[in-house]
Number of protein chains: 2
Amino acid sequence: MESEFSVGEILPNERDLAARFGVARATLRQALEQLELEGRLQRRRGVGTTVAPPRVGVAVGTEQHAWPGSADDVWQPADCTLAVPPATVAQALESGRDDAVHTVRRSRVTHGQPVAAELLYVPRESVPGLTAIDAPSGPARARAVLRELQHLELEGQESAVELGSARAGEAKELDRLPGAPVLVVTTRYIAEGRAAALSVATYRADTCRLTFGDTGGVVVHQDPERRAS
Amino acid sequence: MESEFSVGEILPNERDLAARFGVARATLRQALEQLELEGRLQRRRGVGTTVAPPRVGVAVGTEQHAWPGSADDVWQPADCTLAVPPATVAQALESGRDDAVHTVRRSRVTHGQPVAAELLYVPRESVPGLTAIDAPSGPARARAVLRELQHLELEGQESAVELGSARAGEAKELDRLPGAPVLVVTTRYIAEGRAAALSVATYRADTCRLTFGDTGGVVVHQDPERRAS
DNA sequence: CAGTGGTCTAGACCACACG
DNA sequence: GTGTGGTCTAGACCACTGA
């Protein structure tokens with residue numbers, strides 16, 4: 001199918017394709033799903049199926065450690081609340097199970113397309129200078145928390161990547177349907193010998209290639225395609 | 001379903017589950033597929049469905065650069081051939097389109113389970129000391145290539161992670177069915193100002209959490225579970 | 001061999017985009 | 001309203017595991 005259609009852009013609809021290949025539509029859809037998982041196709045309900053452009057490389061790890069909210073940060077703060085985090089987050093932060101932490105929501109946009117949604121958990125101990133009157137909520141408060149974070153000296157950070165599926169909220173933010181495959185990047189920021197913040201970022205798996213640059217500057221464009229079996 | 005069955009280990013079969021929830025088996029399977037994608041379930045044909053253990057964290061990036069095949073390397077060389085690589089690999093290596101390169105196959109095993117399969121492409125210029133009589137093929141030759149690689153001074157490395165699906169060969173090596181979701185880690189090793197080697201490693205997405213440690217030593221066990229929407 | 005998950009079919013209806 | 005992809009059904013058969 002790829003060789004037959006890659007020249008064009010728009011594919012025939014699923015019913016026609018199924019008929020052309022002599023299979024049931026469910027079977028045809030299974031093949032399309034795999035191709036979409038590999039980033040070769042894009043499908044939009046009510047619109048159609050198109051050949052996807054190469055995945056965009058998004059940098060998620062730099063050789064220089066930097067707090068979220070630094071000058072060159074690509075994330076856009078959206079909101080901030082004070083809430084008790086999920087148990088797993090509390091554990092990673094080594095905070096009490098019922099301690100409320102600042103929860104910053106941010107989003108990341110590339111080429112006009114949303115690529116990631118993030119939840120950043122910041123224990124209150126990490127931002128002692130934050131005054132209640134700064135801002136009650138909203139983007140202003142998110143920026144205030146990030147600003148206070150810069151005062152700590154960052155000692156290190158560690159990240160993990162795993163496969164997940166988009167929750168309803170994330171799905172809407174990423175312009176996908178719930179259950180869509182996502183790459184979840186969890187990053188622990190270390191300062192003063194403890195976890196000073198925890199970021200859980202959800203990237204669209206269909207359009208993103210996460211890069212962990214390590215050579216300092218040399219950017220390489222590389223097709224995600226792999227050897228045929 | 002999770003809260004109902006997480007205590008036990010083995011789930012009822014799909015036909016029974018579908019009947020219990022009053023849905024068709026295809027619908028039930030769709031739900032199981034998503035849970036498997038998230039690493040919560042493991043399904044094996046002919047056996048059954050079980051609640052999955054937490055994902056294992058596998059380190060794929062270290063703060064110290066190191067060549068493949070270093071003393072502490074966790075990969076096991078399996079084979080080595082001299083072949084013309086796929087076009088995309090040749091491009092990343094900045095080698096001619098028709099230049100044959102050493103192609104080392106390696107596998108990675110953790111806790112007795114295969115977690116990744118790798119193809120390591122090494123241009124002949126990167127291992128000038130390799131003599132033809134060293135070993136014609138097989139693991140011995142793979143080790144010879146890796147040994148010669150150590151002679152170069154590694155200047156940096158850059159990695160990218162993206163979602164893919166297992167080819168037939170990879171699937172067998174990873175003990176999965178073709179099409180299973182995998183995390184593809186592409187790493188370029190830089191020496192003497194050029195790409196001296198390219199690694200394409202395929203990790204099982206269902207069982208692996210890829211860690212990019214950056215703090216040097218502190219290992220943290222962390223549940224992959226995320227906030228409920 | 002029986003039981004499991006994996007694949008496939010033929011059809012119906014739903015949710016959404018766009019003219 | 002029409003056409004698209006997304007969901008669901010009820011049933012059949014296949015491939016594999018393990019007793």
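Protein chains get the first letters and strands the later ones, always in sequence-line order, with residue 1 at the start of each.
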In whole Å, what is the span from the CD atom of A:Glu14 to the C1' atom of C:dA10?
15 Å
B:Arg43 side chain near C:dG6 phosphate (N/O to OP1/OP2, under 4.0 Å):
yes
In whole angstroms, how far is the P atom of D:dG6 from the CG atom of A:Leu28?
12 Å
Between atom NZ in A:Lys172 and atom P in C:dC16, what is the gap in whole Å?
11 Å
Look at the side chain of A:Arg188 and the backbone N and O of A:Ala92, then say whether any donor-acceptor pair between them is shorter than 3.5 Å.
yes
Distance, rounded to the nearest Å, where A:Arg29 contributes CZ and C:dT7 contributes P
16 Å
Distance below 4.0 Å between B:Asn13 side-chain N/O and C:dT4 OP1 or OP2:
yes
Among B:Arg29, B:Arg176, B:Arg204, salt bridge (charged side-chain N to carboxylate O under 4.0 Å, His left out) partner for B:Glu36:
B:Arg176
Please give, in whole Å, the distance from C:dG6 P to B:Asp206 CG?
12 Å
Atom SG of A:Cys208 and atom CD of A:Gln113: how far apart are they, to the nearest 0.5 Å?
10.5 Å
Contact nearer the 5' end of DNA chain C, comparing B:Asp16 with A:Gly22
B:Asp16
State whether B:Thr49 places a side-chain N or O below 4.0 Å from either non-bridging phosphate oxygen (OP1 or OP2) of C:dG5.
yes
What does nucleotides 11-19 of chain D look like as a protein-contact string, B for base, S for sugar-phosphate only, - for none, at under 4.0 angstrom between heavy atoms?
-BB-BBB--
Tell me: CG of B:Leu41 to P of C:dT4, nearest whole Å?
16 Å
Nearest whole angstrom, please: distance from the P of C:dT4 to the CG of B:Leu17.
11 Å
For residues 80-91 of chain A, which residue pairs pass the salt bridge (charged side-chain N to carboxylate O under 4.0 Å, His left out) check, not counting sequence neighbours?
none
Using modelled atom types and a 3.5 Å cut-off, is there a donor and acceptor pairing between side-chain atoms of A:Arg55 and backbone atoms of A:Asp206?
yes
Give a yes-or-no answer on whether the side chains of A:Glu118 and A:Ser199 include a donor-acceptor pair shorter than 3.5 Å.
yes
Contacts of B:Tyr189 meeting ring pair (Phe, Tyr, Trp, His ring centres under 6.0 Å) (sequence neighbours excluded), chain-then-number -> B:Trp67
Starting from P on C:dG5, measure out to CG on B:Asp175 and report it in whole angstrom.
16 Å
